[in-house]
Colleague: 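Have a look at this one.
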Amino acid sequence: MNQDYIIPNEWSIIEEGYNDSRIKSSESLFSIGNGAMGQRANFEEKYSGETFQGSYIAGVYYPDKTRVGWWKNGYPEYFAKVLNAPNWIGINVFVNDIQLDLFTCKKVVDFRRELNMKEGWLSRSFKATLINDITVKVETKRFLSIDLDEVGAIEYNVTPVSGDVEITFQPYLDSGIHNEDSNWDDQFWNTTNITKDSSQAFIEAHTMKTNFHTCTFMESKLFINGKEQNSIPKTESSETKVSFYYPAHVKANETYTIHKFGGYVVDRNHDTNQLVTAAKNTLKLAVDLGFSNLLDQQKQAWADIWEMADITIDGDVKAQQGIRFNIMQLNHTYLGKDARLNIGPKGFTGEKYGGSTYWDTEAYCLPFYMATKNQEVAKSLLTYRYNQLDKAIENAESLGFTNGAALYPMVTMNGEECHNEWEITFEEIHRNGAIAFAIFNYYRFTNDYSYIPEKGLEVLIGIARFWHQRVNFSEDKQKYVMLGVTGPNEYENNINNNWYTNYIAKWCIDYALENIEKVKEEYASDFKRIVEKVNISEAELSSWRKVAENMYFPYSEKHEVFLQQDGFLDKDLVTVENLDKSQRPINQKWSWDRILRSPYIKQADVLQGFYFFEDHFSTEELEKHFDFYEPFTVHESSLSPCVHSIQAAKLGRMEQAYTFYLRTSRLDLDDYNKEVEEGLHITSMAGTWMSIVEGFGGMRIQDDKLSFTPQIPSQWEGYSFKVNFRNQVLKVIVNQGKTHFEVDGNKELQIIVNGEKVTISPNNLVTV
């Protein structure tokens, strides 16, 4: 049974009723972020129950030494941990000297938590009876500013309802924090200085080993019934913590309010020796604006985001809530403002997996950002990989590859591989293919070829060199084979000739060869520079062609399908429908040995290849492969349901497509995989967007134009989305039986709908 306590609402994530058994799940679901920092939805006040405390700064990490029982050549020395950063949100609350703590209160009623997706804020309200029998009403609101992305703001209101009381707010900063996810319980932070100045406080700290310097800051304003109080706080500090005390006598039904402004400045953006000064400047901007004006700015910033990114769904509140939740969390994680950053699989919601980028960015996230932001944001994601090409070459060299072969890491922060499972680190090499495909996908969508001669061709050459060296020639098969790999389906490790990996390897080589010729003919100066830099020769290119033309692909004549890997048919092919539900999810119920011997597929593998290279296969071939593999798929990867939803829609199986859509859009909200307390599945959320736009909307690039084959689930009355295609914004509105198109600007746009060319004039609704 999936969890089912989030109240359906089109624009908000809402929880009602206090339940300490779901605190950690809610801390994930109600997480907030602004691209530069983020935090789990921890309570501001003390909570002594089970909790997962987490605040995070984009790009700040720690190289936690790998914990394995042996050491192998080429093995990553560390796993890059997403770091729990110093805590700035804390506000201890005392009522007649008794600390407010929901876990120890005698009674908590009217508890309500809301993440307002439309306006970008998190709120909480409740009535609590403390152990001294005093009852107070509490209302809080907080957000991380989109415009001032080093700043967060909190409004915390306490109203006594059972008589006059003494209330003390104790806002604090604390750098004595620890990571939930740590291999050796190392000290990740070193606190170097604590500064207090009137109502302001600053903690300077840097990460051990990586030496990221940060300054965590705070300033508070106090009010009673809206009237500002000129309080001079008592202060208290230790080696890692600084607190201010603001006591007040508050009458029954009066409201005592604290506005707390806090956040981080980092040496990525400021002089290391001027971080306190930078923090003071940032605080001045925030405090001068005040909570209300800063919140108004937040609402406008989110209105601007939703104007382009929103997907509307009529007639299905849970589906609507799901897609907006996914879009919001993607924007919490990455806004495209800083090309040095990327999209981590947990974003700012947890620490599992580590690293700031996986193959998920290129395979799933790039289409979302291309279409809902602009091509410059998408180009920044590609540039991120180009900037780490030298490290990718070093990664390959550590495994014995030569001549500039590049193996991009499965998990990274700075370009080095930092994953600590051998079957991923050494064998899940298909990630190289996703990066090459993203270059192709970017050019296909934007028609901007400039990235390839400027940067991308070097990446493609490095990747092609890797594939050329990774295969070996089988005398038995008289083909090039690839041994000892793990495909996208991580429930098969160290297998031979994973079809998806072999196929994308061949495609990468072909695509690199194609672009070498194009750059040679059309960008002579760039070609000369690249040839001199990478020392490419015609003899080498000829040997690439030989590999690509003679790649082996396992195939079953009996089933008329490509085999996921050489030994797939040797398994006991019992379908998922015949698997006892008590055994699910198998990754939590079975031994790894049993999983590896089973036929069960964690995520789309052969079908992932059919998704990327749909044009290479007929619809009939897709149907045959879908019908063969989907019955064995347990969808225990967050990346699986979206691909299946898109392909079910392609096959006209809308009920099945809709079921997969609900699973991908509400994966975390309904906790399908029973792990949401560890954090959200951020990168797969882009797949939810793809399920609607590419699945139900049928959007493709055909004959260098946008193409649509719109369909609509029977459960919906209509849906709409926008796409920024080559700097023209197209709105698509799909209803039962009709589809409407409208283009902004002053240029007409020619598209293809159900195979027919349609011209859309500016600001003129066209119905098909």
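Here, residue 1 is the first one in the sequence, and each next residue gets the next number. Values reported hereafter were calculated over all heavy atoms of this structure, with side chains retained and with hydrogens, waters and symmetry mates removed.
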Colleague: Check ring pair (Phe, Tyr, Trp, His ring centres under 6.0 Å) between Tyr358 and all other residues, then give those that pass, not counting sequence neighbours.
Modeller: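 Tyr358 satisfies ring pair (Phe, Tyr, Trp, His ring centres under 6.0 Å) with no residue once adjacent residues are dropped.
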Colleague: Would you kindly check if the NZ (Lys) or CZ (Arg) of Arg324 is within the cone defined by 45 degrees around the ring axis of Trp11 and under 6.0 Å from the six-membered ring centre?
Modeller: yes
Colleague: Does the side chain of Pro171 come within less than 4.5 Å of Trp88's, by heavy atoms?
Modeller: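 They are not in contact (no side-chain heavy atoms under 4.5 Å apart), so the answer is no.
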Colleague: Should His681 and Glu675 count as side-chain neighbours, where that means a heavy-atom distance under 4.5 Å?
Modeller: yes
Colleague: State, yes or no, whether a side-chain contact exists between Leu29 and Phe325 at a heavy-atom distance under 4.5 Å.
Modeller: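 Of all side-chain heavy-atom pairs linking Phe325 with Leu29, at least one is under 4.5 Å.
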Colleague: Report yes or no: is the cationic atom of Arg40 (NZ for Lys, CZ for Arg) closer than 6.0 Å to the six-membered ring centre of Phe348, at no more than 45° off its axis?
Modeller: no
Colleague: Anything under 30° is parallel, anything over 60° is perpendicular, the rest tilted; go ahead and classify His259 against Phe223.
Modeller: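 Taking Phe223 first and then His259, their aromatic rings sit tilted (interplane angle of 30° to 60°).
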Colleague: Can you check whether Phe43 reaches Ile23 side chain to side chain, under 4.5 Å on heavy atoms?
Modeller: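 They are in contact (side-chain heavy atoms under 4.5 Å apart), so the answer is yes.
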Colleague: Does Lys241 make a cation-pi contact with Tyr172, if we ask for NZ or CZ under 6.0 Å from the ring centre and within 45° of the axis?
Modeller: yes
Colleague: Is any side-chain heavy atom of Val138 closer than 4.5 Å to one of Leu100?
Modeller: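 Counting from C-beta outward, Leu100 and Val138 do come under 4.5 Å.
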Colleague: Look at the aromatic rings of His332 and Trp302 and report parallel, tilted or perpendicular, splitting at 30° and 60°.
Modeller: perpendicular
Colleague: Taking only residues at least two apart or on different chains, which pairs with a member in residues 288-297 satisfy side-chain hydrogen bond (donor to acceptor under 3.5 Å, both in side chains)?
Modeller: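 Sorted pair list: Lys284-Asp288.
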Colleague: Donor-acceptor pairs are to be reported for all side-chain atoms of residues 246-254 against protein atoms at under 3.5 Å, with residues two or more places apart or in another chain.
Modeller:
residue: His249; atom: ND1; partner: Glu166; partner atom: OE2; Å: 3.0
residue: Glu254; atom: OE1; partner: Lys251; partner atom: N; Å: 3.2

Colleague: Arg124 and side chain to side chain donor-acceptor pair (under 3.5 Å): which single residue from Glu139, Glu45, Glu15, Glu114 fits?
Modeller: Glu45
Colleague: Would you call Leu102 and Tyr47 a side-chain contact if the rule is heavy atoms closer than 4.5 Å?
Modeller: yes
Colleague: Can the positive tip of Arg666 be found less than 6.0 Å from the middle of the six-membered ring of Tyr672, inside 45° of the ring normal?
Modeller: no
Colleague: Taking the cut-offs as 6.0 angstrom to the six-membered ring centre and 45 degrees off its axis, would you call Arg112 and Phe126 a cation-pi pair?
Modeller: no
